[in-house]
Undergrad: 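My structure is below; once you've seen it, I'll send some questions.
Counting convention: from 1, in listed order, for ligands and their atoms alike. All values reported here derive from a predicted model rather than from experimental measurement.
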Amino acid sequence: MKKQFLLPTLAVLGLLFFQGTSKKTTDSENSLHVMEADMPANVKAVVDQKCYGCHNAESKNEKGKKKLDWDAFEASKRSKQLAAKGKILEVLENGDMPPAKFLENKPEGKLTESELATLMEWSKSKKK
Ligand code: HEC
């Protein structure tokens with residue numbers, strides 16, 4: 001084989017192999033776990049922008065991180081996630097998050113209508 005064909009050929013083989021393996025995990029129990037842990041990308045995007053700053057293990061917001069740590073949430077079991085989603089839905093319905101005090105200084109932190117809808121729909125779903 002000529003040298004200039006070697007790399008593309010390897011790339012194609014690699015891709016085929018990758019597809020093969022990723023298909024396999026979809027059928028296994030493993031994937032169920034992965035699917036549960038992964039939040040939909042659109043939800044994650046909103047959370048990262050509007051919630052994560054106060055709700056992670058490193059946050060300076062002591063109260064916020066104690067109440068909810070998104071990394072821990074994502075890693076936790078489905079039953080725990082469902083309970084947490086109930087809480088999340090509650091604060092969203094009440095318009096409690098992000099906290100009004102915080103929004104006084106940072107109005108751009110407020111959830112837009114569509115972001116709110118995205119989070120609400122997700123927190124109502126039992127799936128993940
Ligand atoms: C400026 C920091 C800040 C931001 C941003 C923020 N939170 Fe909070 N969050 C807090 C604090 C502080 C508490 C604790 C409130 C309390 O105990 O009175 C809290 C509590 C919570 C709770 C627990 C409520 C309970 O009673 O158990 C949930 C759920 C929550 N936040 C969800 C969210 C969501 C969803 C977002 C994004 C839309 C968000 N938070 C954004 C600071 C924040």
Undergrad: In the protein, which heavy atom is nearest to atom 34 (C) of ligand 1, and how far is it?
TA: Cys51 SG, 3.5 Å

Undergrad: List the steps, then state whether side chain to side chain contact (heavy atoms under 4.5 Å, CB included) holds for Lys87 with Lys67.
TA: CA-CA 10 Å; Lys87 281 273 180 202; Lys67 285 272 182 178; over 6 Å; no

Undergrad: Could you tell me which atoms of ligand 1, counted from 1 in the order shown, lie closer than 4.0 angstrom to a heavy atom of Phe102?
TA: 1 (C), 5 (C)

Undergrad: Tell me, yes or no, whether the heavy-atom count around Glu113 atom CD, taken from other residues, nucleotides or ligands under 6.0 Å, exceeds 12.
TA: no

Undergrad: Can you figure out which of Lys66, Lys67, Lys63 has its heavy atom closest to atom 23 (C) of ligand 1?
TA: Lys67

Undergrad: Which atoms of ligand 1 are found less than 4.0 Å from any heavy atom of Gly64?
TA: 10 (C), 11 (C), 12 (C), 13 (C)

Undergrad: What protein heavy atom is closest to atom 3 (C) of ligand 1, reported as residue, atom name and distance in Å?
TA: Cys54 SG, 2.6 Å

Undergrad: Going through the distances and angles, do Lys85 and Ser125 end up as a side chain to side chain contact (heavy atoms under 4.5 Å, CB included)?
TA: CA-CA 9 Å; Lys85 280 165 98 175; Ser125 87; 3.6 Å; yes

Undergrad: Measure from atom 24 (C) of ligand 1 to every heavy atom in Leu68, Val91, Leu103, Val46 and give the option owning the shortest one.
TA: Val91

Undergrad: Of the protein's non-hydrogen atoms, which lies at the shortest distance from atom 27 (O) of ligand 1, and what is that distance?
TA: Lys87 CD, 3.3 Å

Undergrad: Determine whether the side chain, the backbone, both or neither of Asp96 has a heavy atom under 4.0 Å from any heavy atom of ligand 1.
TA: neither

Undergrad: Please list the nearest protein heavy atom to atom 12 (C) of ligand 1 with its residue and the distance rounded to 0.1 Å.
TA: Asn61 OD1, 3.3 Å

Undergrad: Test your reading of the model: is there a side-chain donor-acceptor pair from Thr118 to the backbone of Val43, 3.5 Å cut-off?
TA: no

Undergrad: Fit a plane to each ring of Phe73 and Trp122, take the angle between them on a 0 to 90° scale, and name the class: parallel (under 30°), tilted (30 to 60°) or perpendicular (over 60°).
TA: perpendicular

Undergrad: Hey, does Pro99 sit under 4.0 Å from ligand 1 if you only count heavy atoms?
TA: yes

Undergrad: Given Lys101, Glu90, His55, Lys50, identify the one with the heavy atom nearest to atom 21 (C) of ligand 1.
TA: His55

Undergrad: Assess whether atom CD of Glu93 is packed by more than 12 heavy atoms of other residues, nucleotides or ligands within 6.0 Å.
TA: yes

Undergrad: Measure the distance from atom 33 (C) of ligand 1 to every protein heavy atom, then report the residue, atom name and distance (to 0.1 Å) of the closest one.
TA: Met97 CG, 3.3 Å

Undergrad: Set out, in order, the CA-CA distance, both residues' side-chain angles and the distance that settles side chain to side chain contact (heavy atoms under 4.5 Å, CB included) for Asp69 and His55, then state yes or no.
TA: CA-CA 5 Å; Asp69 170 351; His55 292 292; over 6 Å; no

Undergrad: So which heavy atom on Gly109 is nearest to which on Leu103, and how close?
TA: C-CD2, 3.5 Å

